[in-house]
Amino acid sequence: MLDYDAYEKNTGIIARAALQRDIAFFNYQDAIPQELFHDSLHMLDGGNAAMAELLSRDLRPYLQGVHAR
């Protein structure tokens, strides 16, 4: 089982550190519906596909920027 209190605390620390360094931080904790998980941590194929779509969408501007250099 996931310790949600610790997760929130640690995610906050990481998000603040990223912000201070102007690094993009993406938190998808609530982005994938629970029915697309096998258990509290492991996604089913549909969950993996949904995550891939989110990552593709959110990382595309950064990846395109690399190619423009």
Side-chain angles (χ1 to χ4, degrees):
M1 296 301 269
L2 184 60
D3 180 346
Y4 287 100
D5 291 333
Y7 175 85
E8 290 294 325
K9 178 183 175 187
N10 293 332
T11 301
I13 292 168
I14 295 166
R16 284 188 298 280
L19 180 64
Q20 290 171 348
R21 291 162 180 81
D22 198 30
I23 298 171
F25 175 77
F26 304 102
N27 183 353
Y28 299 111
Q29 175 63 26
D30 297 319
I32 307 298
Q34 192 59 43
E35 62 267 11
L36 295 179
F37 281 80
H38 172 70
D39 53 32
S40 63
L41 297 175
H42 301 96
M43 289 183 276
L44 299 167
D45 289 345
N48 288 318
M51 180 61 74
E53 286 291 322
L54 290 170
L55 289 169
S56 175
R57 178 198 70 196
D58 293 342
L59 294 176
R60 184 173 292 119
Y62 298 96
L63 296 174
Q64 289 172 340
V66 167
H67 293 297
R69 292 182 190 172

Could you state whether [X] and [Y] fall into the same hydrophobic cluster, counting links through intermediate Ile, Leu, Val, Met, Phe, Trp or Tyr residues with side-chain heavy atoms under 4.5 angstrom apart?
X   : Y   : result
F26 : I14 : no
I23 : L55 : no
L44 : M51 : no

Check your understanding: Counting only heavy atoms not in D45, do more than 12 sit closer than 6.0 Å to its CG atom?
Key ->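 Atom CG in D45 is not packed in, count stays at 12 or less.
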Check your understanding: Can you tell if the side chain of L36 reaches within under 4.5 Å of the side chain of M43, non-hydrogen atoms only?
Key ->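 Not touching, per the 4.5 Å side-chain cut-off.
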Review point. Can you check whether Y4 reaches K9 side chain to side chain, under 4.5 Å on heavy atoms?
Key: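 Side-chain contact under 4.5 Å: no.
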Which heavy atom of [X] sits nearest a heavy atom of [Y], and at what distance?
X   : Y   : value
N27 : Y7  : OD1-OH, 3.2 Å
A50 : I32 : CB-CD1, 3.6 Å
A31 : L54 : CB-CD1, 3.6 Å

Exercise for review: Could you walk me through whether R60 and L63 pass the side chain to side chain contact (heavy atoms under 4.5 Å, CB included) test, one step at a time?
Suggested key: CA-CA 5 Å; R60 184 173 292 119; L63 296 174; 5.8 Å; no
Check your understanding: How long is the gap from CG on D5 to CD on E8, to the nearest 0.5 Å?
Key ->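 Here the rounded value is 8.0 Å.
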Exercise for review: Say whether, by atom type as modelled, one donor and one acceptor occur between the side chain of R57 and the main chain of E53 under 3.5 angstrom.
Suggested key: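 No; judged by distance alone, with no hydrogens or angles, the pair does not exist.
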